[in-house]
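In what follows, every heavy atom counts, from backbone to side chain, and hydrogens, waters and symmetry copies are set aside.
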Amino acid sequence: MAEFMNVGKVVNTHGIRGELKIMPLTDFPEVRFAKNAELFLFTPDNHPVPVTVESARLHKNMYIVRLKEYGNINEVEKFKGGIAKVSKENLAELEEGEYYFHQIVGCTVITEEGESLGTISEILTPGANDVWVVKTPAGKEVLIPVIDDVVLDVDVEQKQVKIHLMEGLL
């Protein structure tokens, strides 16, 4: 079974010609919703349907997407509340020092002294920078800001992140 990554949430239909209003959940919406892009639309009951983008346009922070396979509102109603995904094999290449969330969650966090702090359980995106939620062996949660002064090294192959413990972080 292929693994999928979320790229958008189907918020509603748009018009009568079978267009969908999709809220992007990706850093690459211009790639994911480009003409001829291949997506999988998961209905709210989690049934995947392969589709191809005919056209898309940005409208009020949402993408209005027309699919080649569907031509009227009645055919696309079933996707309302569903999720647009791509297979893991279709992930966009990232630049050096950039990572997908799924590569970071589960990584062990160690200090520059070699002390294990815990495992990244979640990533928060409050605004200026991401924040990693690290669950310690004692069950406590520690919030680590993803900034150059704190994150020293990320090794996704070894599932390990080295950080500098700034004063006041713990």
Side-chain angles (χ1 to χ4, degrees), residues 1-107 109 119-135 141 143-148 150-151 154-157 159 161:
M1 172 91 182
E3 286 190 63
F4 296 97
M5 306 306 293
N6 295 351
V7 295
K9 174 151 181 56
V10 181
V11 176
N12 209 341
T13 57
H14 182 83
I16 60 169
R17 294 197 175 93
E19 291 178 312
L20 293 170
K21 196 183 284 189
I22 300 178
M23 179 176 60
L25 301 174
T26 174
D27 288 337
F28 311 103
E30 63 287 338
V31 174
R32 297 300 173 209
F33 305 118
K35 185 174 175 70
N36 296 321
E38 294 179 2
L39 299 173
F40 287 86
L41 289 182
F42 281 69
T43 56
D45 63 358
N46 217 24
H47 177 72
V49 178
V51 295
T52 306
V53 175
E54 173 68 35
S55 65
R57 65 188 185 280
L58 189 59
H59 177 70
K60 295 182 181 175
N61 296 328
M62 304 263 190
Y63 277 82
I64 307 298
V65 179
R66 184 179 178 107
L67 305 170
K68 288 185 178 181
E69 294 83 359
Y70 301 101
N72 77 56
I73 189 171
N74 297 326
E75 296 173 331
V76 296
E77 280 278 334
K78 63 184 174 192
F79 297 119
K80 270 175 47 174
I83 300 286
K85 300 185 180 198
V86 293
S87 64
K88 246 185 179 173
E89 295 81 54
N90 283 345
L91 291 179
E93 287 294 316
L94 298 178
E95 292 185 21
E96 179 126 0
E98 293 181 336
Y99 311 96
Y100 284 106
F101 281 16
H102 73 271
Q103 293 175 305
I104 298 298
V105 173
C107 284
V109 177
T119 305
I120 299 172
S121 62
E122 185 181 358
I123 299 175
L124 307 176
T125 55
N129 56 275
D130 291 349
V131 176
W132 292 339
V133 179
V134 178
K135 199 157 210 91
E141 288 186 343
L143 302 179
I144 304 294
V146 183
I147 56 176
D148 291 340
V150 174
V151 178
V154 177
D155 187 343
V156 291
E157 274 77 43
K159 297 291 279 174
V161 175

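- Among residues two or more places apart in sequence or in another chain, the salt bridge (charged side-chain N to carboxylate O under 4.0 Å, His left out) test is passed with K159 by none.
- In terms of the salt bridge (charged side-chain N to carboxylate O under 4.0 Å, His left out) criterion, residue partners of K80 (sequence neighbours excluded) are, by chain and number, E77.
- Nearest heavy atoms, V65 versus A56: CG2-CB, 4.0 Å.
- Listed by chain and number, the residues in a ring pair (Phe, Tyr, Trp, His ring centres under 6.0 Å) with F28 amount to none (sequence neighbours excluded).
- For P126, the side chain to side chain contact (heavy atoms under 4.5 Å, CB included) partners at least two apart in sequence or on another chain are L124, V131.
- Between G81 and P44 the shortest heavy-atom distance is C-CG, 3.9 Å.
- Looking only at side-chain heavy atoms (C-beta outward), T13 and L20 come within less than 4.5 Å of each other.
- In terms of heavy-atom proximity, H14 sits nearest to I64 at CD2-CG2, 3.6 Å.
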**Message:** If you apply the rule side-chain contact (heavy atoms from CB on, under 4.5 Å), what do you find for I22 with V10, and how did you get there?
**Reply:** CA-CA 4 Å; I22 300 178; V10 181; 4.2 Å; yes

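- Counting heavy atoms from C-beta outward, V86 and T26 have side chains that stay 4.5 Å or more apart.
- Here the closest non-hydrogen pair linking N61 and P24 is O-CD, 3.6 Å.
- Sorted by first and then second residue, the side-chain hydrogen bond (donor to acceptor under 3.5 Å, both in side chains) pairs involving residues 45-56 (not counting sequence neighbours) are K35-E54, T43-D45, T52-E69.
- Among residues two or more places apart in sequence or in another chain, the side chain to side chain contact (heavy atoms under 4.5 Å, CB included) test is passed with D27 by none.
- Within the structure, the ring pair (Phe, Tyr, Trp, His ring centres under 6.0 Å) test picks out the following pairs touching residues 73-93 (sequence neighbours left out): Y70-F79.
- Atom CG of residue D130 and atom CZ of residue F101 lie 4.5 Å apart, to the nearest 0.5 angstrom.
- For D148, there are no side-chain hydrogen bond (donor to acceptor under 3.5 Å, both in side chains) partners at least two apart in sequence or on another chain.
- In terms of the salt bridge (charged side-chain N to carboxylate O under 4.0 Å, His left out) criterion, residue partners of E141 (sequence neighbours excluded) are, by chain and number, K135.
- Other residues, nucleotides and ligands contribute more than 12 heavy atoms inside 6.0 Å of the CD atom of E30.
- Take R57 and apply the salt bridge (charged side-chain N to carboxylate O under 4.0 Å, His left out) test, not counting sequence neighbours, and it matches E19.
- Residues satisfying the side chain to side chain contact (heavy atoms under 4.5 Å, CB included) test with V151, not counting sequence neighbours, are W132, V146, V154, V161.
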**Prompt:** Hey, mind stepping through L58 and Y63 against side-chain contact (heavy atoms from CB on, under 4.5 Å) and telling me if it holds?
**Reply:** CA-CA 5 Å; L58 189 59; Y63 277 82; 3.5 Å; yes

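- Remark: V11 pairs with M23, M62 by the side chain to side chain contact (heavy atoms under 4.5 Å, CB included) rule, at least two apart or across chains.
- Between V134 and I120 there is a side-chain heavy-atom pair separated by less than 4.5 Å.
- Interatomic distance, CD of Q103 versus CD of E157, reported as 8.0 Å (0.5 Å rounding).
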